[in-house]
Amino acid sequence: MAIIYNESAKTITLQTKNTTYQMKIGNLDYLLHLYYGSSVPDIDMSYQIKQYDRGFSGNPYESRNARTFSLDAQPQEFSTQQQGDFRTTSIEVVNSDGSYSYHGKTAGYKITSGKYQLDTLPCVFARDTDTVSSLEVTLCDGASDVQVVLLYSVFEEADIITRAVKVVNRGTGSIQLKKIMSVCLDFLNGSGFDLVSLPGRYGQERQVERQPMTHHIHNIGSVRGSSSHQQNPFVILCDREATEDHGRCYGFSLMYSGNFLTEVELDQYDQLRLVMGIGPKQFVYQLAPGETFEGPEVVMAFSEHGLTGLSHLYHDFYRTNLCRSKFVSEVERPVLINSWEAAFMDFDDVKLVKIAKAAKNMGVDLLVMDDGWFGKRDDDNSGLGDWYVNKDKIRCGLHKLVEQINALDMKFGIWFEPEMVSEDSDLYRAHPEWAMQIPGRHAVRSRNQIALDMSRREVQDYVIEKVNGILDDANIYYVKWDINRSLADIWSNALPAEKQGEVYHRYVLGLYRVMDEIILTHPDILFEGCSGGGGRYDPAMLHYYPQYWVSDNNHPIDRLKLHYGTSFVYPTCTMGAHISDSGKFVSLETKAVVAMCGTFGYELDATHLSKEEQEICKEQSDRFRKYQHITFKGDFYRLTDPFKVGNMTAWQHVTKDKDESLLSVVVTNLTCNGPQEYIRAKGLDPGAMYSINGSKETYSGAALMSAGLPIDREVPEYSAFQFHLVRERCTV
Ligand code: DGJ
């Protein structure tokens, strides 16, 4: 068992293959955090804690005159409220008597084999081949009888520990939960950490920022109702000296798609605390006696092998333990063509069939009919919510259209934006009360659409019925599920005034129910998530969708940064990437090399391509299929940082057995008469010899990694290279 309780030391130790995590039921039954990092044997790590009389830092009443025990200086497993710890809290609760206080003390623990489950929220899962055990530690506040249950699962081989939290009101009156964090991690020696996060904006999601921790609370989160373009629910804490290959790195990835918060506080004693969970903006959750609240899961990983080591842990784990879709591992992803940048909403059935026919010559497997096929939808001012086929555009009907595409030996995909309604729609006219808007006020406009109140059961049922109706009516292979605004006007007509503080979270819960009912009931359909590009790219969404649209920005040079940032936590097989007309001065080849760092497809009017261009695309589609086992299943290496000044951006995929690798380079800048550039490979077998792109000559893995590959510099700007390395087998 990877979870050990030591009776005499009162420590609970969680062991994975290469990491150790330890807590202790300490003085006065407070649950202390002792360690997370590289493996250490199961010894009591509390020797690290030194007690001092810390002026102005309170002591629990029960410690009487012993002034050296202050929660303000203790490393805690779950920081609580009004206990003399003035650092950031993990819980804020208003008790039934109106008091703001939570004094959680350890009341029990339970160790079980297998993975814990949450009833209301998506979680990672254990496969039959995984060794997983779980721990539940219960904290109780003696005065209010409110329990906090801390949940842990340990994935031994994967070096992953997950955490989640439950709050159980066992008292006699209702309480209000105002903040509940799923994870709290205290570091006794917190100096010298950097925080890496993935901020962005529409069209530029998941850019990378790294900042040294200073003495204040760093707050990273979203208040937009979704995990957002602007921040991602993922952060890394790493040694200031950490590089791609060296140094300690801790990752925290939150399985939640709504408002979230990460706070990192470097305190007065250079201790560091990180908390992460649901964002507390307008969050007031009522818990009646007997009720339980669940907080989302955080997937934690630690690597002492730098940022790449950490990314590999997440890539491997998210490829196998996050999404059960058969498209994750059993079925190859299709090369698709999407109608959006080809036609926007200006299409009909005839035009779509023409695009499909041209795309067939390009080796494309799947035509996706994007926005514009339903209700009254000639622009984005109307029609959302009316999920029936627009007969003026799809004159032959959906069934016949799909048949025509299938007759080309191609598959058919369709777009939905199920969470939204247009004021100019039949749905809104019939049910204005289903739209999220505050009575007596006008709703905030955003792309002229309003969010449906997904917290309402009847709204969820409507969406399930309509979307399932379409999916069951025709031979649909793929669905793109979009959402194109941030939430505002948070209000539900179905809830009383005192429960309006629950709407943000209930929206997310309603969405997960709808996705359970639509996505999990259609295991043969490939789902791709989208939010005006990559605005809700989070692990909870990837629990449902094997792939997610990275960004509406298809410019291949911007994409270098987009893919680079996304790769810190999400594997290549999740990254929706297409070739479009964007990037006028960039060749089709460079666009293809960039899009192969993703799920690959086209987003242009194929009928406008010449025969030669279609043939080029055909070769690219075949190449993507040929390399898919390397890019989707291999280890990913960031060879250069596109945010730093340099002339090339390079990355590499290497199969697990190191037999094959795809090394990709884009020349982003050409200096006149500049020096020869070399790209050093990673992850190869140093003792093996590799051929490159089928060449007769072979090169040793050691040389390719130490001396590097010279990159031809006498090339046009924005040229790209793709080096397919294959291990030479000795033939006797
Ligand atoms: C935003 C998406 O990111 C685009 O790809 C496209 O589907 C549009 N929405 C359609 O409205």
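Since this is a predicted model, take the numbers as computed values, not measurements. Order of listing sets the numbers, starting from 1, for every ligand and every atom in it.
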query: Between Asp365 and Leu336, is a side chain to side chain contact (heavy atoms under 4.5 Å, CB included) present by the stated rule, with each step listed?
result: CA-CA 6 Å; Asp365 306 303; Leu336 68 80; over 6 Å; no
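- To the nearest 0.5 angstrom, Ile518 atom CD1 is 12.5 Å from Lys466 atom NZ.
- Note on ring orientation: taking the six-membered ring where Trp is involved, the planes of Phe527 and Trp481 are tilted (angle from 30° to 60°).
- Interatomic distance, Leu366 CG to Arg333 CZ, rounded to the nearest 0.5 Å: 12.5 Å.
- Within the 4.5 Å cutoff, no side-chain heavy atoms of Phe317 are placed close to those of Leu322.
- Other residues, nucleotides and ligands place no more than 12 heavy atoms under 6.0 Å from the CZ atom of Arg445.
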Can you produce the list of protein nitrogen or oxygen atoms under 3.5 Å from a nitrogen or oxygen of ligand 1, alongside each distance?
from	atom 1	to	atom 2	distance (Å)
ligand 1	3 (O)	Gly533	N	2.9
ligand 1	3 (O)	Asp552	OD1	2.3
ligand 1	3 (O)	Asp552	OD2	3.1
ligand 1	5 (O)	Lys480	NZ	2.7
ligand 1	5 (O)	Asp552	OD1	3.3
ligand 1	7 (O)	Asp370	OD1	2.7
ligand 1	7 (O)	Asp370	OD2	3.2
ligand 1	7 (O)	Trp415	NE1	3.2
ligand 1	7 (O)	Lys480	NZ	3.0
ligand 1	7 (O)	Asp482	OD2	3.3
ligand 1	9 (N)	Asp482	OD2	2.7
ligand 1	9 (N)	Asn484	OD1	3.4
ligand 1	9 (N)	Asn484	ND2	3.4
ligand 1	11 (O)	Asp371	OD2	2.6
ligand 1	11 (O)	Arg447	NH1	2.9
ligand 1	11 (O)	Arg447	NH2	3.0

